[in-house]
Structure formats: structure tokens, C-alpha cells
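Each chain gets a letter, A, B and so on, in the order its sequence line appears, and its residues count up from 1.
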Amino acid sequence: MPSRSAPEPTERPLSQPSSQPLSVPSSVPLSVLHARVNQWYADEGRKHLPWREAGCSPWGVFLSEVMSQQTPLARVEPIWREWMARWPTPGDLAAAAPGEAVRAWGRLGYPRRALRLHEAATVMVERHDGHVPSTPEELLALPGVGAYTAAAVSCFAFGIPEVVVDTNVRRVLARTIEGKAFPNLTLNRAETRLAADSMPADLDDANTWNVAVMELGALVCVARGPRCEECPVADLCAWNLAGRPAYDGPPRRGQTWHGTDRQVRGELLHRLREAHAAVPLALLEDVADDRTQVMRCLDSLVADGLVEPLTRSRFRLPA
DNA sequence: TAGGCGTGGCT
DNA sequence: TAGCCAAGCCT
């Protein structure tokens with residue numbers, strides 16, 4: 001268990017101020033930025049989302065964060081409601097078969113997340129008395145939980161103002177403070193420190209800021225076609241003031257799809273989800289023309305624990 | 001650290 | 001239309 005007495009300075013800006021100079025230029029009026037963004041959230045934020053309601057459990061918040069990884073919230077909400085009705089606590093999910101989690105995941109994408117949620121629920125039962133842990137260190141130890149999710153759950157479920165850095169936060173800070181259209185390809189230390197130094201010092205303000213700046217990035221400061229005319233901080237945004245210069249960094253990584261293993265894996269899993277009994281290999285082989293690719297993908301699904309081979313020619317979701 | 005990993009809406 | 005993009009994580 002790592003000690004909390006010697007945290008990385010860049011990760012604990014509120015309790016462990018950095019000795020380095022502030023990474024935010026002194027020309028940026030942070031207090032105005034905080035006040036405007038937080039007020040905008042109070043006025044325009046999507047408060048109807050069920051995991052933002054006051055009575056939502058930490059488990060509900062945890063579920064929402066994992067489901068939202070690389071996934072639009074509109075597609076998350078119906079699945080989240082189904083899961084919360086069926087498995088209202090970590091213990092309920094842990095008691096179910098992992099294959100049922102994969103089936104209930106439906107077409108949310110990245111189905112290994114369903115498996116990891118099931119594993120995380122099991123760890124919560126075994127090590128945390130059936131509860132969602134509250135500290136970033138404990139959360140980070142759970143499968144499927146990285147720096148973003150650990151910070152988000154600590155903040156949104158427990159009111160601990162960790163530095164929450166997701167794609168929305170990165171884009172808003174790149175524009176408002178750095179004057180760039182997009183952040184770097186990968187999150188680095190300097191950018192994490194910028195996010196930390198950008199946070200309000202007040203605890204309540206910091207907690208609101210975390211969700212508010214994310215929401216601003218999701219609704220207004222969007223990747224393509226930003227709605228600067230609706231932005232509460234357009235008049236002090238470095239990128240807007242510079243005339244919104246185009247992105248000039250290294251080429252952004254594209255995601256290929258057609259003909260990839262990802263597509264074949266997705267189709268295989270789709271067929272296995274639809275069937276409620278073991279499926280013969282013969283009914284899976286035609287998901288792609290290349291049989292070698294199909295077998296490779298089936299093998300990888302088995303290796304991932306997403307598919308269980310009953311025999312060499314019959315497959316199902318893991319029991 | 002770069003690349004693999006689903007799915008579907010939007011421009 | 002064909003990419004681009006989305007509350008990232010893991011190896």
C-alpha cells in the first residue's frame with residue numbers, strides 16, 4: 001500500500017502545493033474563469049443525468065464513469081438505468097455471472113469494460129466490505145480504473161477535489177489558457193500540472209469546477225464546431241482572442257474500422273450476446289471472409305475472458 | 001509510449 | 001462520403 005505522505009506534487013496541488021512557479025500565465029484571470037464556468041454550469045449543466053442527482057450512490061457514480069469511457073453519455077444512460085435496477089450494489093453484480101455483465105453491456109462498445117466492472121465489484125466485496133472505495137489510491141487499484149476514473153469517482157462520489165483530467169478538460173485548457181485548438185496527443189506531466197494549477201483553491205469551488213469544465217468541453221467547447229458565441233469565457237479565451245488558429249501539431253491518430261480485428265471481434269460478441277445457449281463454430285465462421293482472422297479474433301476473445309470455449313467448436317459468454 | 005480495443009452519431 | 005470523435009485503460 002503506497003503511503004499518502006509522499007504524493008507526487010503535481011497530483012496533490014491543494015494539499016501539497018508545488019514549489020515550482022505556477023504553470024498558468026499570470027495574464028489568465030483564474031478567479032474570473034472559475035466563477036464564470038461554475039455559474040455557467042449552474043445555469044446550463046445537464047442536471048437531469050441520474051448519476052448527478054443528490055441521492056445517487058457511489059456505486060452509481062462509479063458505474064457511470066466506467067460506462068462513459070470513450071462513450072457518449074446519451075448512449076450510456078439507458079444501459080446505466082438497466083444495470084442499476086438489476087445490480088444496485090457491487091455485491092449484486094459480483095454475484096452474477098461475468099457473461100451476464102457482458103450481455104447486459106449490449107452495444108456500448110469496449111466490452112472488456114463490462115468484465116472489469118464485474119472484477120472490480122468482486123474486489124469491492126472482498127476488500128472493501130462491498131463498498132466503492134473513496135481514495136484515488138484504492139480506486140486506482142481496481143481493474144478498469146485509471147487516473148481519470150479514480151479522480152472522477154473521488155470527486156463526484158465523495159467530494160474529494162482531485163484533479164480530474166479528461167479529453168474535455170484537456171481541450172478547454174488548451175484553448176482558454178494555452179491558445180491552442182487541441183492539446184497534445186498524449187497527456188504529459190506538464191499538462192497534468194497545468195490542470196492542477198488551474199483549479200480553484202476553495203474545496204467546494206474545486207469540486208464544482210471539475211464537473212463544470214468537463215461539461216463546458218462536452219457542450220460548448222467541443223472538438224469540431226465549437227460554439228464560442230455561447231461560451232461564458234470567450235472574451236478571455238487565449239485561443240479565441242488569437243483568432244482561433246488551426247491545429248498545427250503532429251497528426252492525430254485515426255481509428256480504422258472496416259475489416260479490422262475490432263470489427264470482427266465486435267460482430268462475434270454480438271452473435272454470442274444474442275444467443276442464450278452455446279453457439280457452434282459453424283454459426284460464427286462467416287462473420288468475415290478471412291477464416292484465419294475469425295479464428296484469431298475468437299482466440300483473442302477467449303484470451304480476454306470475454307468468451308468461454310465449451311469445446312473446440314462450441315462457444316458462449318463466460319458463466 | 002504507441003497502438004489496440006467497439007460502436008454509432010455527426011459533419 | 002469517409003473520416004472524426006467520444007467522461008480512457010492496458011500492455
Side-chain angles (χ1 to χ4, degrees), chain A residues 41 45-46 49-52 60-80 102 105-117 119-120 139-157 162-172 181-189 191-192 195 209-219 221-227 247 250-273 287 293 296-297 300-301 303-307:
Chain A
Y41 179 73
R46 293 168 291 182
L49 292 171
W51 48 86
R52 284 185 181 167
V61 173
F62 183 86
L63 213 48
S64 79
E65 290 302 335
V66 174
M67 287 182 169
S68 301
Q69 293 167 359
Q70 295 281 284
T71 309
L73 297 195
R75 263 194 289 155
V76 167
E77 184 168 351
I79 304 292
W80 183 91
V102 174
W105 195 251
R107 302 187 71 88
L108 261 192
Y110 293 139
R112 288 185 293 195
R113 292 183 291 168
L115 224 44
R116 290 175 181 146
L117 271 172
E119 294 169 17
L139 287 160
L140 216 39
L142 299 171
V145 175
Y148 163 74
T149 303
V153 173
S154 276
C155 179
F156 304 149
E162 290 296 320
V163 184
V164 178
V165 187
D166 78 325
T167 187
N168 292 306
V169 174
R170 297 183 64 206
R171 190 174 52 251
V172 171
F182 291 100
N184 302 329
L185 262 42
T186 54
L187 180 64
N188 58 30
R189 272 187 119 66
E191 199 182 335
T192 301
W209 166 259
N210 274 338
V211 64
V213 70
M214 277 177 66
E215 188 81 333
L216 187 67
L219 299 183
C221 193
V222 294
R224 288 193 292 178
R227 296 184 258 282
Y247 175 74
R252 305 167 72 69
R253 191 158 28 113
Q255 300 167 320
T256 55
W257 174 246
H258 189 73
T260 61
D261 284 5
R262 270 208 274 198
Q263 183 184 28
V264 173
R265 282 168 55 103
E267 183 56 26
L268 284 170
L269 213 51
H270 176 56
R271 291 191 185 189
L272 289 163
R273 276 195 311 261
V287 299
Q293 183 185 30
R296 179 176 70 239
C297 289
S300 74
L301 287 170
D304 285 346
L306 283 164
V307 172

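- Base contact: P72(A) has a heavy atom under 4.0 Å from a base atom.
- When atom types are taken as modelled, the side chain of E65(A) and the backbone of V61(A) share no donor-acceptor pair closer than 3.5 angstrom.
- For dT7(B), the OP1/OP2 oxygens have a side-chain nitrogen or oxygen of R273(A) closer than 4.0 Å.
- Annotation: proximity of residues 142-155 of chain A to DNA chain C (heavy atom, distance under 4.0 Å) is found for P143(A), G144(A), V145(A), G146(A), A147(A), Y148(A), T149(A), numbered in ascending order.
- A side-chain donor-acceptor contact under 3.5 Å links R273(A) to the backbone of G106(A).
- Taking 90° from 0 as the syn/anti boundary, the base of dA6(C) is oriented anti.
- Nucleic acid contact class of W51(A) (heavy atoms, under 4.0 Å, all strands): base.
- A donor-acceptor distance shorter than 3.5 angstrom exists from the side chain of W80(A) to the backbone of G60(A), with no hydrogens or angles considered.
- Rounded to an integer number of Å, the gap from I79(A) CD1 to dG6(B) C1' is 13 Å.
- L185(A) comes within 4.0 angstrom of no nucleic acid atom, judged by non-hydrogen atoms across all strands.
- Using a 4.0 Å heavy-atom distance criterion, T71(A) is classed as a base contact.
- At distances below 3.5 Å, not a single donor-acceptor pair connects side-chain atoms of R112(A) with backbone N or O atoms of L306(A).
- The backbone N or O of E215(A) sits nowhere less than 3.5 Å from a side-chain atom of N168(A) that would complete a donor-acceptor pair.
- L108(A) approaches R75(A) most closely through the heavy-atom pair CD2-O, 3.5 Å.
- Side chain of R265(A) to main chain of T260(A): no donor-acceptor pair is present (N/O by atom type, distance under 3.5 Å, no hydrogens or angles).
- Rounded to whole angstrom, the span from the CG atom of N188(A) across to the P atom of dT1(B) amounts to 9 Å.
- Two residues, L269(A) and T186(A), neighbour DNA chain B, and the one matched to the more 5' nucleotide by heavy-atom proximity is T186(A).
- No contact: R170(A) has no heavy atom under 4.0 Å from any strand.
- One atom, CG of N184(A), and another, P of dA2(B), lie 11 Å apart when rounded to the nearest Å.
- For S154(A) (side chain) and A151(A) (main-chain N/O), no donor-acceptor pair under 3.5 Å exists by modelled atom type.
- Once you apply a 4.0 Å limit to the heavy atoms of chain A, the touched nucleotides of DNA chain C run 5' to 3' over dG3(C) to dC10(C).
- To the nearest angstrom, C1' of dC10(B) lies 11 Å from CZ of R227(A).
- Atom name P, nucleotides dT1(C) and dG6(B): the rounded distance is 26 Å, in whole Å.
- Counting only distance, with no hydrogens or angles, the side chain of R262(A) and the backbone of W257(A) share no donor-acceptor pair below 3.5 Å.
- A donor-acceptor contact under 3.5 Å links the side chain of R262(A) to the base of dG6(B).
- Spacing between atom CZ of R116(A) and atom C1' of dG6(B) amounts to 13 Å, rounded to whole angstrom units.
- dG4(B) atom C1' lies 9 Å from atom CZ of R265(A), rounded to whole Å.
- Between the side chain of R46(A) and the backbone N or O of L219(A) there is no donor-acceptor pair closer than 3.5 Å.
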Checklist line | Pair L63(A)-W51(A), side-chain contact (heavy atoms from CB on, under 4.5 Å): steps then yes or no | finding: CA-CA 9 Å; L63(A) 213 48; W51(A) 48 86; over 6 Å; no
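- Looking at heavy atoms from C-beta onward, V169(A) lies out of side-chain contact with V172(A) at the 4.5 angstrom threshold.
- The distance between atom CZ of R107(A) and atom P of dC5(B), rounded to the nearest whole Å, is 17 Å.
- OP1 or OP2 of dT7(B) has not a single side-chain nitrogen or oxygen of R75(A) nearer than 4.0 Å.
- On the P atoms, dC4(C) is 15 Å away from dG3(B), given to the nearest whole Å.
- With the nearest nucleotide of DNA chain C identified for both F182(A) and R112(A), F182(A) has the one nearer the 5' end.
- Nucleotide dG4(B) holds its C1' atom 8 Å from the OH atom of Y110(A), rounded to whole Å.
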Check: Would M214(A) and F156(A) satisfy side-chain contact (heavy atoms from CB on, under 4.5 Å), going step by step from the backbone distance to the final call?
Finding: CA-CA 12 Å; M214(A) 277 177 66; F156(A) 304 149; 3.9 Å; yes
Notebook entry, point to check: Please, what dot-bracket string fits DNA chain C when only Watson-Crick and G-U pairs with both distances under 3.5 Å count, crossing ones use [ ] and pairs to another strand use |?
Noted result: .|||||.||||
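- Taking atom P on both nucleotides, dT11(B) is separated from dA7(C) by 14 Å, rounded to a whole Å.
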